[in-house]
Amino acid sequence: MAKVSINLATGSIQKEEVIVGIDLGTTNSLVAFINPDKNPQVINDTGKGVLVPSIVHFGPAGEITVGNEAKEFLVTDPQNTVFSVKRLLGRSYKDIENYKDFFSYKVIDDDSESLVKIKVGDKFYTPIELSGLILKELKARAEHALKTPVNRAVITVPAYFNDSQRQATRDAGKLAGLDVLRIVNEPTAASLAYGIGLNPEETKTIAVYDLGGGTFDVSILQIQNGIFEVLATNGNTFLGGDDFDSAIVDYWIEKNQLNKSELLADHKLAQRLRLKAEEAKKAFAYQSMVNEKIDDIWYTIDRNTFEQLILPKVQETITCCQNALKDAKLDISQIDEVIMVGGSTRTSLVKKMVAEFFGRPVHNEVNPDEVVALGAAIQADILAGNRKDILLLDVTPLSLGIETMGGLMDVIIPRNSKVPTKAGRQYTTSIDGQVNMKIAIYQGERDLIKENRKLAEFDLKGIPSMPAGFPKVDINFLLNADGILKIQAVELRSGVKQEVEVKPTYGITDDQVEQMLMDSITHAKDDVSQRMLIEARTEGEQMVYTVERFLQKNSEFISIAEISETAGYIQRLKEALTSGNKDLIHKEIDTLNEFTRPFAERLMDQAINHAMKGKSIE
Ligand code: ADP
Ligand code: MG
């Protein structure tokens, strides 16, 4: 084990380089850093403001705009304007199928557990690439404002993000040319911004209430010895300030006796109502009434009416707080502090009801839409070793993971994780009747295992013969305080099990660790694009395998014409697979998928669905 301060402060990167903190939000994103006076400060790139709307627009000539300028296109060019991409990060289509209507742009529907993709024009983007574009814009703004290169960052994620969403966030950072030192929970960052958790002697239980543009979550954290433990989280991923705006819009529609469907068809007017509603909502912070008439429409509402309109929504967030406390097995009296996060906590009714519920004044001294980024900057400063008063915990200097299809590294324990730690993931087979599974364990930051350091390899033998995609193999990594890594693989359907132990730090010097980190930074962009090509190729190969097998088994149910047309699409996909062009591969996968989907539906054959599930290992 090494202390973070040693490993990260060396190499060709200058010691004084700023490390930024980034709040990559669903609605807005922003960057903060520690200024020369040692205080956290948000970055305001001249004239552009602090908050960058998390929106990406693709112009007709392939030009990409991010932020406020992209926001304008939400109404005029919805198909080419991607918003709320954070909701899709690390998610499979199955995860989001219930709310696909929410997106005005095209989310690819391949009915499987593979990761979601977005189609804009005839190009395909992963949520990682889109988030990468937002991060790239943030990086550029920080560089412009600070007049120095920015290469390292701490990025925040909601406490409820799972492993795959966290990994996706890391990859997005990499793609933007950022070395992501750590992924930090948003409530943890908010707490740090209030100085809570900076004193290792103090023990506290806090509630962090985060009401943003479209999402709400509340987290109960226990802080002990400088370690933040999430005791419970609760919330609603479709409740936020946008709902307050819609409530006002609906009220005006009724008061002005407008026809809702006609109005929605008139994009310009619909957008004006929405903007006016947001303005009114914000104005209630300092006035109790708004009243304006434009083009025969009255934009009139008073604060009392507004509060009545949003009361049920706010009540719902209070119920979530109640549930979180229940899950954490805590009584309200055991909460030491309540922190308000997210732009929507500026609404006074929200503040009032939360304070009433917890029976204490809430913290809102720090700007609620900046507090997470500010805390992330503090975390970055701690990791840089600039805060000598803070104990640095033992961490893993390099990521630990296994080889998956195409020679890719699948990280199970990311670098800079505190030790001891455990993590795991489920895998499946890629071919029918596969009875052995090779499990190769690697250490390092590169996307291709051949660039990383191999720690061990074993075969999980005796998997009962099943169709591809059926076995469920859980792989668990347990890294104890002495730095011993125990790897356990178990096939859940049969109980077949195997274990090995290695010591990742054995036989590797600090210099070598540093070299590996440096290489990963230099090669980050190439690595991620290679990974995406390999992933596309693997998905394509799997698709060819599945469809060919399906046709063989079920040819009698499919017409001759359909079979030959399918063969044509398969051929085109096979050609794309050799092209090295990931967009082309995705396009052909999509075409083949669209064409063959009715076959599967027709036959109600489970096998094809199952075969497409999960990641596979060779
Ligand atoms: P997210 O974390 O989801 O990216 P933010 O924390 O930036 O979002 O919150 C954005 C929301 O905050 C928007 O709905 C916006 O209208 C709302 N908001 C911003 N300022 C105010 C204000 N003064 N009063 C009420 N709501 C506000
Ligand atoms: Mg937020």
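Just so you know, these numbers come straight off a predicted model, no measurement behind them. As the structure lists them, so they are numbered: ligands from 1, and atoms in each ligand from 1.
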Protein contact to [atom] [nearest heavy atom, distance to 0.1 Å]:
| atom | result |
| --- | --- |
| atom 5 (P) of ligand 1 | Gly343 N, 3.7 Å |
| atom 25 (C) of ligand 1 | Thr347 OG1, 3.3 Å |
| atom 3 (O) of ligand 1 | Thr27 OG1, 3.0 Å |
| atom 7 (O) of ligand 1 | Asn28 ND2, 2.8 Å |
| atom 2 (O) of ligand 1 | Gly212 CA, 4.2 Å |
| atom 8 (O) of ligand 1 | Gly213 N, 3.4 Å |
| atom 19 (C) of ligand 1 | Lys282 CE, 3.5 Å |
| atom 20 (N) of ligand 1 | Arg346 NH1, 3.2 Å |

- Task: Kindly identify the option in Gly241, Pro53, Ser344 whose heavy atom sits closest to atom 17 (C) of ligand 1.
- Result: Ser344
Would you mind running through ligand 1 and noting each atom that sits below 4.0 Å from a heavy atom of [X]?
| X | result |
| --- | --- |
| Glu278 | 15 (C), 16 (O) |
| Gly342 | 6 (O) |
| Gly25 | 4 (O) |

- Checking side chain to side chain donor-acceptor pair (under 3.5 Å) for the pair Arg91/Asn162: CA distance, chi angles, key distance, verdict? CA-CA 10 Å; Arg91 310 319 301 275; Asn162 65 23; 5.8 Å; no
- Query: Yes or no on side chain to side chain donor-acceptor pair (under 3.5 Å) for Ser164 and Gln167, after CA distance, side-chain angles and deciding distance?
  - Reply: CA-CA 5 Å; Ser164 134; Gln167 190 55 42; over 6 Å; no
- Within the structure, does Lys281 bring an N/O atom to less than 3.5 angstrom of an N/O atom in ligand 1?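 Yes, since at least one N or O of Lys281 sits under 3.5 Å from an N or O of ligand 1.
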- Query: Which residues pass the salt bridge (Lys or Arg N to Asp or Glu O under 4.0 Å) test with Glu370, sequence neighbours left out?
  - Reply: none
- Message: Once you measure the plane-to-plane angle for Tyr105 and Phe83, does it fall in the parallel (<30°), tilted (30-60°) or perpendicular (>60°) bin?
- Response: perpendicular
- Only one of Thr237, Val230, Asn185 passes side-chain contact (heavy atoms from CB on, under 4.5 Å) with Tyr160; say which it is.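 In the set Thr237, Val230, Asn185, the residue that makes a side-chain contact (heavy atoms from CB on, under 4.5 Å) with Tyr160 is Thr237.
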- Tell me the ring-ring contact (aromatic ring centres under 6.0 Å, His included) pairs involving residues 268-319, sequence neighbours left out? Trp252-Tyr299, Phe284-Phe306
- Task: Verify the ring-centre separation between Phe58 and Tyr125: is it less than 6.0 angstrom?
- Result: yes
- Task: Output, in order, the C-alpha distance, side-chain angles, deciding distance and verdict of side chain to side chain donor-acceptor pair (under 3.5 Å) for Asp179 and Asn151.
- Result: CA-CA 6 Å; Asp179 178 20; Asn151 298 309; over 6 Å; no
- Can you tell which of Thr300, Thr305, Asn304 makes a side-chain hydrogen bond (donor to acceptor under 3.5 Å, both in side chains) with Asp302?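 Answer after filtering Thr300, Thr305, Asn304: Thr305.
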- Message: Tell me whether Gly240 reaches ligand 1 (any heavy atom closer than 4.0 angstrom to a ligand atom).
- Response: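 Judged by the 4.0 Å heavy-atom criterion, Gly240 does not count as contacting ligand 1.
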- Message: Is the contact between Ala285 and ligand 1 made by the side chain, the backbone, both, or neither, using heavy atoms and a 4.0 Å cut-off?
- Response: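 The answer is neither.
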- Message: One thing to verify: whether Arg360 and Asp336 come together as a salt bridge, which I'm taking to mean a side-chain N less than 4.0 angstrom from a carboxylate O.
- Response: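 Salt bridge flag = no for Arg360 with Asp336.
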